[in-house]
Amino acid sequence: QVQLVESGGGLLQAGGSLRLSCAASGYIFSTYPVGWFRQAPGQEREFVAAISGSGGDTYYADSVKGRFTISRDNAKNTVYLQMNSLKPEDTAVYYCAKQSTPYYSDYRAPRKSLYDYWGQGTQVTVSS
């Protein structure tokens with residue numbers, strides 16, 4: 001069955017860097033776009049970044065553009081989220097998710113309803 005497992009979260013100070021990983025299994029990994037989302041306490045889950053199946057297209061939320069980089073290694077069935085210049089407002093549980101269809105577009109990328117499988121999440125806490 002389809003599984004996504006996030007890792008790499010932790011506690012760090014503002015200005016630091018962290019790399020999250022999302023290991024996927026149970027489907028043809030290179031076919032489908034993958035997105036990263038995050039959810040802070042008391043807030044709705046929000047889009048962070050997405051990447052097409054080939055890795056050639058990426059899309060970012062304005063709040064992370066220029067600081068975060070999404071990438072994927074299709075040989076390892078893994079998607080990464082490199083997070084630099086972290087801020088306290090980046091504190092959240094970070095989730096990766098598989099899009100339900102192979103069709104990537106910037107319009108589709110941030111829409112939670114278009115993702116059908118989600119990981120369990122990894123906590124990122126940034127202190128000031």
Side-chain angles (χ1 to χ4, degrees):
Q1 69 277 22
V2 176
Q3 283 192 318
L4 297 106
V5 179
E6 302 94 338
S7 62
L11 169 65
L12 70 165
Q13 291 189 328
S17 297
L18 207 57
R19 188 177 82 158
L20 305 183
S21 298
C22 170
S25 61
Y27 69 100
I28 303 174
F29 180 71
S30 60
T31 302
Y32 293 87
V34 172
W36 283 98
F37 293 77
R38 66 186 182 187
Q39 188 167 19
Q43 298 188 22
E44 291 202 6
R45 193 170 299 189
E46 66 173 4
F47 170 76
V48 175
I51 189 166
S52 61
S54 67
D57 294 291
T58 58
Y59 186 69
Y60 297 92
D62 287 344
S63 59
V64 306
K65 203 173 294 182
R67 299 188 298 123
F68 291 12
T69 302
I70 188 171
S71 62
R72 65 191 296 159
D73 185 339
N74 285 345
K76 295 182 178 179
N77 282 16
T78 301
V79 173
Y80 304 98
L81 186 68
Q82 177 67 43
M83 306 186 294
N84 298 329
S85 303
L86 281 160
K87 306 175 182 179
E89 50 263 44
D90 294 318
T91 294
V93 177
Y94 283 71
Y95 300 89
C96 64
K98 167 192 167 290
Q99 205 168 102
S100 59
T101 73
Y103 308 110
Y104 175 86
S105 72
D106 289 353
Y107 174 82
R108 297 170 61 85
R111 285 159 170 75
K112 291 191 298 286
S113 63
L114 299 181
Y115 292 81
D116 56 357
Y117 288 93
W118 296 77
Q120 83 290 347
T122 186
Q123 177 71 47
V124 173
T125 303
V126 184
S127 63
S128 57

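Atoms considered below: every heavy atom in the structure, side chains included; atoms not considered: hydrogens, waters and symmetry mates. Along the sequence shown, residues are numbered consecutively beginning with 1.
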**Study point:** Within one Ile-Leu-Val-Met-Phe-Trp-Tyr cluster: Tyr59 and Tyr115, side-chain cutoff 4.5 Å
**Key:** yes
Review point. Are side-chain heavy atoms of Ile51 and Asp57 found at a separation under 4.5 Å?
Key: no
Exercise for review: Salt-bridge test for Asp90 and Lys87: reply yes if a basic N is under 4.0 Å from a carboxylate O, no otherwise.
Suggested key: no
Exercise for review: State yes or no: do Leu4 and Leu114 share one hydrophobic cluster built from I, L, V, M, F, W and Y residues joined by side-chain heavy-atom distances below 4.5 Å, directly or via other members?
Suggested key: no
Practice item. Examine distances only and state if a side-chain atom of Arg72 and a backbone atom of Ser52 form a donor-acceptor pair shorter than 3.5 Å. Key: yes
Check your understanding: From Thr58 OG1 over to Lys65 NZ, what is the distance, rounded to the nearest 0.5 angstrom?
Key -> 9.5 Å
Anything under 3.5 Å between a donor and an acceptor, one on a side chain of residues 14-35, the other on a protein residue two or more places apart or in another chain? List them.
| from | atom 1 | to | atom 2 | distance (Å) |
| --- | --- | --- | --- | --- |
| Ser17 | OG | Asn84 | OD1 | 3.0 |

Exercise for review: Assess whether side-chain contact (heavy atoms from CB on, under 4.5 Å) is satisfied between Tyr95 and Gln39, documenting all intermediate values.
Suggested key: CA-CA 8 Å; Tyr95 300 89; Gln39 188 167 19; 4.2 Å; yes
Review point. Closest heavy-atom contact between Arg38 and Ser63?
Key: NH2-OG, 3.5 Å
Point to revise | Point-to-point distance, once rounded to the nearest 0.5 Å, from OG of Ser105 to CZ of Arg111 | key: 8.0 Å
Check your understanding: Do Leu81 and Val79 pass the side-chain contact (heavy atoms from CB on, under 4.5 Å) test, and can you show the C-alpha distance, the side-chain angles, and the key distance before you say yes or no?
Key -> CA-CA 7 Å; Leu81 186 68; Val79 173; over 6 Å; no
Review point. After noting the C-alpha distance and the side-chain angles of Met83 and Val64, does the key distance pass the side-chain contact (heavy atoms from CB on, under 4.5 Å) rule?
Key: CA-CA 8 Å; Met83 306 186 294; Val64 306; over 6 Å; no
Review point. For the residue pair Phe37 and Trp118, is the inter-centroid distance of their aromatic rings smaller than 6.0 Å?
Key: yes
Review point. Applying disulfide bond (SG atoms under 2.5 Å apart), which residue pairs with at least one partner in residues 51-90 are found, sequence neighbours left out?
Key: none
Review point. Between Tyr103 and Arg108, is there a cation-pi geometry (under 6.0 Å to ring centre, at most 45° from the normal)?
Key: no
Practice item. Hey, could you give me the OH/SG distance between Tyr80 and Cys96, rounded to the nearest 0.5 Å? Key: 12.0 Å
Review point. So do Arg67 and Tyr60 actually touch side chain to side chain, heavy atoms under 4.5 Å?
Key: no
Review point. If you round to the nearest 0.5 Å, how far is CH2 of Trp36 from CD of Glu6?
Key: 5.5 Å
Point to revise | Side chains of Thr91 and Gln123 in contact at under 4.5 Å (non-hydrogen atoms) | key: yes
Exercise for review: Of all the heavy-atom pairs spanning Tyr104 and Ala109, show the shortest one and how long it is.
Suggested key: CE1-CB, 4.1 Å
